[in-house]
Amino acid sequence: MSQKDPRIDAYIARAADFAKPVLNHLRRLVHAACPEVVETMKWSFPHFDYRGMLCSMAAFKQHCTFGFWKGTLIFGDRKKQNEAMGQFGRITSLSDLPTDKVLIGYIKKAVQLNEAGIKLPARPKSKETKELLLPSDFKAALKKNKRAMTSFENFSYSQKKEYVEWIVEAKRDETRKHRLTTALEWMAQGKPRNWKYMKR
């Protein structure tokens, strides 16, 4: 028995007029193809789950999107049209969608993949060493603080990037200096930029 989520009713009700028939149609097709599907909201837009994530849809100001969690296993590595999310590009009306028969076929294929427990292949790790450009004031401050420098060198690339971006994004010199001072204090204690949000 399919389960509908009232949050998706509310999401569709708030969508632009052009988007409502598209979202309602996609929702109907997903339920028709997979009667046991469960609706939910993730990342602020509608998702459909069946033994794991199946597919999702979203509405924006001028277009909708629809895509499958395991899209590469259904479609291969074809590029997303017009750089939109999902596998069907920018959907502005029902005429932008494949036929119902084709869409239901894709949904059933996604269902089969989940039933078989097939997972997406792991993304290959880049062999290139990522180089992060440090601002001169950041580099100079690190050289003066050995403990902060040691922590920074031991951080992952993304943790280093978080600190650099935080400092560079400061709009005023005063803010930048304050952030740099705070960053050095935290790094001297071995703390990454977002340490407050990490589970203890």
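- The environment of NZ in Lys20 is crowded: more than 12 heavy-atom neighbours from other residues, nucleotides or ligands sit within 6.0 Å.
- Considering every non-hydrogen atom in both Arg27 and Asp5, the closest pair reads NH2-O, 3.6 Å.
- Atom NZ of Lys42 sits in a crowded spot, with more than 12 heavy atoms from other residues, nucleotides or ligands closer than 6.0 Å.
- For Pro135 against Arg176, the heavy-atom pair with the smallest separation is CB-NH2, 3.3 Å.
- The existence of a salt bridge linking Glu39 and Arg7 is excluded, since no basic side-chain nitrogen approaches an acidic carboxylate oxygen closer than 4.0 Å.
- Using a 4.0 Å cut-off between charged nitrogen and carboxylate oxygen, Asp9 and Arg14 do not count as a salt-bridge pair.
- Residues satisfying the ring-ring contact (aromatic ring centres under 6.0 Å, His included) criterion with Trp69, sequence neighbours excluded, are absent altogether.
- Counting only heavy atoms from C-beta outward, the side chains of Leu113 and Leu73 approach each other to under 4.5 Å.
- Counting heavy atoms from C-beta on, the side chains of Thr99 and Ile104 never come closer than 4.5 Å.
- Qualifying side-chain hydrogen bond (donor to acceptor under 3.5 Å, both in side chains) partners for Glu162, counting only residues two or more places apart in sequence or in other chains: Asn194.
- With sequence neighbours excluded, no residue forms a ring-ring contact (aromatic ring centres under 6.0 Å, His included) with Tyr50.
- Cluster annotation: Leu133 and Met149 are assigned to distinct hydrophobic clusters (Ile/Leu/Val/Met/Phe/Trp/Tyr, side-chain heavy-atom contacts under 4.5 Å, transitive).
- Taking every heavy atom of both residues into account, Lys191 and Phe155 meet most closely at O-CZ, 3.3 Å.
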